[in-house]
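Order of the sequence lines sets the chain letters (A, B, ...), proteins ahead of strands, with each chain counted from 1.
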There are 4 protein chains.
Amino acid sequence: MRRHDLQEAILEAAQYLLIREGYGSLTMRRIAQRAGCSVGSLYLYFDSKEGLLFALMDRAQERLAERFFDPQIQTIDAPRERLQALARAYVDFGLTYPESYEILFILHPRELASYPEERMQRAYRLLDPIVEAIEDYVRRHDLEMPDIRVAAVSFWSALHGIVSLLLAGRLARLRLEVDHEALIEHAIRQAIGGLCRLMRRKDNRKT
Amino acid sequence: MRRHDLQEAILEAAQYLLIREGYGSLTMRRIAQRAGCSVGSLYLYFDSKEGLLFALMDRAQERLAERFFDPQIQTIDAPRERLQALARAYVDFGLTYPESYEILFILHPRELASYPEERMQRAYRLLDPIVEAIEDYVRRHDLEMPDIRVAAVSFWSALHGIVSLLLAGRLARLRLEVDHEALIEHAIRQAIGGLCRLMRRKDNRKT
Amino acid sequence: MRRHDLQEAILEAAQYLLIREGYGSLTMRRIAQRAGCSVGSLYLYFDSKEGLLFALMDRAQERLAERFFDPQIQTIDAPRERLQALARAYVDFGLTYPESYEILFILHPRELASYPEERMQRAYRLLDPIVEAIEDYVRRHDLEMPDIRVAAVSFWSALHGIVSLLLAGRLARLRLEVDHEALIEHAIRQAIGGLCRLMRRKDNRKT
Amino acid sequence: MRRHDLQEAILEAAQYLLIREGYGSLTMRRIAQRAGCSVGSLYLYFDSKEGLLFALMDRAQERLAERFFDPQIQTIDAPRERLQALARAYVDFGLTYPESYEILFILHPRELASYPEERMQRAYRLLDPIVEAIEDYVRRHDLEMPDIRVAAVSFWSALHGIVSLLLAGRLARLRLEVDHEALIEHAIRQAIGGLCRLMRRKDNRKT
DNA sequence: AATGAATGAGCATTCATTCAT
DNA sequence: GATGAATGAATGCTCATTCAT
């Protein structure tokens with residue numbers, strides 16, 4: 001139990017520092033200091049700084065899964081509503097755990113180069129529920145969508161766009177005094193609306 | 001002439017390394033090595049590492065302006081087509097000058113904290129043509145859009161999402177073997193379609 | 001125990017280099033090399049080069065206090081003998097701990113600009129016993145000395161002159177083959193004699 | 001003529017910077033900047049930084065000679081008054097040309113290690129007029145002074161003490177709010193008084 | 001005579017990592 | 001299990017000096 005406690009404290013500290021000060025300022029010294037242990041102790045639980053980062057990634061993936069693969073969402077019957085709930089969950093995850101989001105989707109690939117591919121893949125299962133919802137929608141409305149994978153990635157990219165813009169604090173820097181909540185709402189509706197329209201169009205062209 | 005050559009080589013080297021290896025690995029030594037000069041020479045052309053980074057920012061902004069504020073685009077009469085041309089230009093800029101895009105829109109603001117705000121603002125003028133196109137569209141079709149600024153940022157965020165995902169090379173890593181061209185096409189149409197639909201909706205509600 | 005050993009070794013090394021090679025050549029690398037440790041270890045014991053220098057100052061002040069504020073001297077009743085003992089102690093201190101003397105009184109204040117003033121002041125308490133001795137002398141012999149502070153500083157400056165000349169090794173360089181002991185003896189007697197004479201003179205003028 | 005002009009400007013600049021910013025901050029770049037020429041030009045007139053420093057020393061010696069070997073002083077008949085005039089001239093030189101004084105008598109010997117000995121000696125001829133004056137005094141008053149060289153160095157050391165204390169700005173730092181003029185006056189009279197008294201004493205003991 | 005671009009060596013400092021205790 | 005002393009390598013940056021022009 002004890003063991004786990006310190007390990008957890010270390011991860012917590014690292015995560016806290018990562019988003020506050022950035023990866024460049026994330027040092028083993030500071031992590032130890034914040035976790036309330038010695039630098040040496042870090043190496044009892046993690047092989048290296050990279051190992052610690054990987055553990056952080058694993059953790060971030062779990063958190064994402066918790067939110068995104070929420071059973072409550074899966075049971076929403078109407079695919080469009082499900083898509084909306086997924087989008088909401090995704091954005092919420094990003095804004096609630098900015099550090100996790102940063103690690104998973106923003107951190108430079110270089111830092112994660114040697115992160116085992118199989119563990120990496122897990123994070124991107126998030127596309128599956130999106131694909132499913134789109135398929136569902138297409139099927140139910142008897143529409144067409146030639147490449148659903150493309151549609152899903154495109155949908156995801158729109159969500160990623162809004163989250164990463166908000167997290168980077170660029171809007172604030174730009175003095176773009178825009179209400180975040182309204183922006184998120186707008187962006188999600190824009191993505192879903194655009195997606196559905198594309199399906200319809202495909203349909204129209206055929207006729 | 002020579003003078004300019006090395007300065008250019010340094011910027012080129014820094015840019016190359018920045019995107020390939022990330023900001024954390026961007027060191028003056030490596031820049032010098034890649035530029036084929038001594039570390040000291042870097043300081044002949046730039047005050048500091050930060051200064052070099054700022055020069056890179058300036059450069060990226062110019063490149064963005066070239067593509068995005070292209071007069072040919074401005075003269076497209078139909079606002080929807082103009083919007084599409086702007087979106088294309090934005091994505092093209094990002095894919096053609098990935099380093100510039102990375103510097104402008106992905107690099108964490110932390111690293112550029114002291115970049116003069118007025119110079120920073122220039123980059124974000126890109127919202128203006130988008131705002132104008134939306135306004136145009138709304139006006140011509142006699143629609144309503146309560147907060148055009150929100151709509152513009154939302155539109156931008158969709159473009160940013162697709163570009164940053166492509167640049168991060170995440171798709172490749174994910175073995176998401178998706179055709180980039182199709183994806184871009186899809187994403188742009190999704191964004192425009194979603195945007196226009198949101199306007200119509202507003203209209204519908206009113207009636 | 002060990003801990004203190006290396007700290008001491010570092011101070012010793014820094015002191016040695018400071019006097020032998022001058023402040024300009026005092027580098028962390030050389031200190032580490034001479035102390036027999038790595039450069040990084042220096043920073044385990046001292047915050048910075050400046051911090052190390054300050055520790056050296058503190059140390060020098062302690063050594064000065066030991067010699068100069070010797071209780072045995074304070075109890076000498078006859079003020080003139082006490083003055084002589086003080087002068088001896090001062091010069092002895094300078095010659096015994098040349099590095100300490102150099103740090104305290106020769107090193108340019110520039111290098112120590114941020115040394116806390118209150119700690120600095122301690123070193124200059126040395127004027128107090130001199131002032132007291134002069135006051136005593138004046139009182140006992142019923143003489144006059146309008147500005148005792150001036151007299152004390154003047155006396156101190158004579159001692160400083162002889163010590164700094166000897167320490168700088170200038171006499172040797174000049175081939176001024178002069179017996180150091182005789183020179184010190186002479187200088188001290190000259191200072192005391194001159195001081196007392198000035199008092200008498202003041203007296204004479206008044207009458 | 002031109003040639004001389006720039007050389008002079010360089011020396012002037014170096015001297016100015018030397019005292020203002022200290023030897024540690026005396027860089028070729030800054031000298032060139034202040035002298036209004038390029039760094040390379042410095043090497044047209046001086047072999048190296050050390051060479052420039054040596055030229056500065058030569059210059060300082062000349063200035064000292066001008067003041068100290070002033071014919072007007074040499075012609076003062078009364079040896080005691082001559083001694084006083086010499087002391088005054090010495091202190092004046094130090095306070096008027098602090099940079100020169102610093103170079104000649106305070107700069108760490110290390111920096112001057114390779115200054116040609118014969119040129120070094122010139123600076124210390126200053127002892128000759130002092131020796132002569134003392135000899136004169138002894139002779140005229142029929143006194144004794146076993147080692148006149150010791151007496152002269154001792155006298156010189158008193159003057160050096162007061163000048164170096166004032167130049168280092170220590171008194172100011174100590175908040176020893178002492179009138180400089182009074183202090184100098186006092187110190188010189190103390191030195192002369194002490195010196196003469198020592199001669200007398202020698203005499204007394206003999207009888 | 002004068003420049004200024006270029007550099008290698010060096011600066012203080014910080015880093016992730018190791019290991020005896 | 002935990003520490004903290006120790007380190008080699010790397011960081012951004014400055015230096016005196018050289019040399020083609």
Side-chain angles (χ1 to χ4, degrees), chain A residues 2-3 5-7 24-33 35-53, chain B residues 2-7 10 24-32 35-53, chain C residues 1-7 10 24-32 35-53, chain D residues 2-3 5-7 10 24-33 35-53:
Chain A
R2 275 277 143 128
R3 183 174 209 292
D5 282 359
L6 184 49
Q7 190 169 34
S25 302
L26 183 70
T27 74
M28 296 303 260
R29 257 209 250 315
R30 301 189 66 170
I31 295 171
Q33 196 181 337
C37 68
S38 75
V39 184
S41 296
L42 265 44
Y43 289 87
L44 292 177
Y45 297 101
F46 304 97
D47 285 347
S48 62
K49 190 181 175 185
E50 198 184 37
L52 206 164
L53 197 64
Chain B
R2 272 283 142 122
R3 183 176 211 287
H4 243 57
D5 283 358
L6 183 50
Q7 190 168 36
I10 291 169
S25 303
L26 183 71
T27 76
M28 296 304 261
R29 266 170 184 58
R30 299 189 66 168
I31 295 171
C37 68
S38 74
V39 181
S41 295
L42 264 43
Y43 290 88
L44 290 177
Y45 297 100
F46 304 98
D47 283 346
S48 61
K49 186 182 175 182
E50 198 183 38
L52 205 165
L53 208 60
Chain C
M1 213 44 143
R2 275 279 142 124
R3 181 174 212 292
H4 242 60
D5 283 359
L6 182 50
Q7 188 168 36
I10 292 169
S25 304
L26 183 69
T27 76
M28 296 303 261
R29 267 177 188 44
R30 300 189 66 168
I31 294 170
C37 67
S38 75
V39 182
S41 294
L42 265 43
Y43 290 86
L44 290 177
Y45 298 100
F46 304 97
D47 283 346
S48 61
K49 187 181 175 183
E50 198 183 39
L52 205 165
L53 209 61
Chain D
R2 272 279 143 128
R3 181 175 212 290
D5 281 358
L6 184 48
Q7 189 168 37
I10 292 169
S25 302
L26 184 71
T27 74
M28 297 302 261
R29 258 209 252 313
R30 301 189 66 171
I31 295 171
Q33 194 181 338
C37 68
S38 75
V39 185
S41 296
L42 265 43
Y43 290 86
L44 291 176
Y45 297 100
F46 304 97
D47 286 346
S48 62
K49 189 180 176 186
E50 198 183 38
L52 205 164
L53 196 65

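Not a single side-chain hydrogen bond (donor to acceptor under 3.5 Å, both in side chains) links S25(D) to another residue, sequence neighbours left out. Looking at residues two or more places apart in sequence or on another chain, you find no side-chain hydrogen bond (donor to acceptor under 3.5 Å, both in side chains) involving R29(D).
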statement: Counting primed atoms, P, OP1 and OP2 as sugar-phosphate and everything else as base, the B/S/- map of nucleotides 14-21 of chain F against protein heavy atoms under 4.0 Å is BBBBB---
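Remark: P of dA2(F) and CZ of F46(A) are 12 Å apart, rounded to the nearest angstrom. The distance between atom CD1 of I31(C) and atom P of dA12(E), rounded to the nearest whole Å, is 8 Å. When the P atom of dG8(E) is taken as reference, atom CG of L42(B) falls 13 Å away, rounded to whole Å.
S41(C) has no side-chain polar atom (N or O) that falls below the 4.0 Å cut-off from OP1 or OP2 of dA6(F). In terms of phosphate contacts, Y45(B) brings no side-chain nitrogen or oxygen within less than 4.0 Å of OP1 or OP2 of dA5(E).
The side-chain heavy atoms of K49(B) and L52(B), taken from C-beta on, include no pair separated by under 4.5 Å. Side-chain contact between L44(A) and L6(A) is absent, with no heavy atoms from C-beta onward closer than 4.5 Å. Side-chain contact between T27(A) and I31(A) is absent, with no heavy atoms from C-beta onward closer than 4.5 Å.
For dT17(F), the paired nucleotide is dA6(E), the pair qualifying as Watson-Crick or G-U wobble because both relevant distances are below 3.5 Å.
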